Amino acid sequence: QVQLAESGGGLVQAGGSLRLSCAASGRTFSRYAMGWFRQAPGKEREFVARITWSSSSTYYAESVQGRFTISRDNAKNTVYLQMNSLKPEDTDVYYCAAQEPGNSLYSYWGQGTQVTVSS
């Protein structure tokens, strides 16, 4: 019912920055919390960051805390992930996800955008 589309991935050098965007379409009226995850081939999907609907709370994985910033613009139905001081370990496919109120699981997922950080 909600479609998510990530963009902004690419190739950067270590220490560089990227800003990922996730545009939502469809049933965007609900107050979804939004999250970013990442996954390497053959590995389990990893939590990166989460933001509540009102942007009152944000949460980050220890591995990205202090370097990444999640934000959202509800008027534009878009969530962002600003990634600074990128490391080769950040190389992954990054996914945007939406969490319905009252549900601990993320119900909707995008197709992902590739982030590659060269050493």
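These numbers were taken from a predicted model, which means no experiment stands behind them. Just so you know, residue 1 is the first one in the sequence shown, and it goes up from there. Because only heavy atoms are used, hydrogens play no part in the values below, and waters and symmetry mates are left out as well, while side chains stay in.
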May I ask whether [X] and [Y] are part of the same hydrophobic cluster, defined by side-chain heavy atoms of I, L, V, M, F, W, Y residues being less than 4.5 angstrom apart, directly or through others?
X	Y	value
F47	Y32	no
W36	L18	yes
I51	Y95	no

- Query: Considering only heavy atoms from C-beta outward, does the side chain of V12 approach that of T116 to under 4.5 Å?
  - Reply: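 Answer no - side chains too far apart.
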- For the residue pair Q82 and S17, establish whether any side-chain heavy-atom pair is separated by less than 4.5 Å. yes
So, [X] side chain and [Y] main chain: donor-acceptor pair closer than 3.5 Å or not?
X	Y	result
T113	G9	yes
D92	A40	yes
S21	Y80	no
Q13	V117	no
Q39	E44	no

Considering all heavy atoms, the nearest [X]-[Y] contact:
X	Y	answer
R19	S71	NH2-OG, 4.2 Å
S107	E100	OG-OE1, 3.4 Å
R72	W53	NH1-CA, 3.2 Å
V79	C96	CG1-SG, 3.5 Å
A24	L4	CB-CD2, 3.6 Å
A14	S119	CB-CA, 4.4 Å

- Pairing of D90 and R67 as salt bridge, 4.0 angstrom limit: yes
- Message: Around atom CD of Q3, are there more than 12 heavy atoms from other residues, nucleotides or ligands closer than 6.0 Å?
- Response: no
- Item | CD (Q111) with more than 12 external heavy atoms under 6.0 Å |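 Incorrect, the count does not exceed 12.
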- Task: Start with the C-alpha distance between T78 and D73, add both sets of side-chain angles, then the distance that settles side-chain hydrogen bond (donor to acceptor under 3.5 Å, both in side chains), and finish with yes or no.
- Result: CA-CA 5 Å; T78 303; D73 186 340; over 6 Å; no
- Query: W109 vs F37 aromatic rings, parallel, tilted or perpendicular, using cut-offs 30° and 60°?
  - Reply: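 Tilted.
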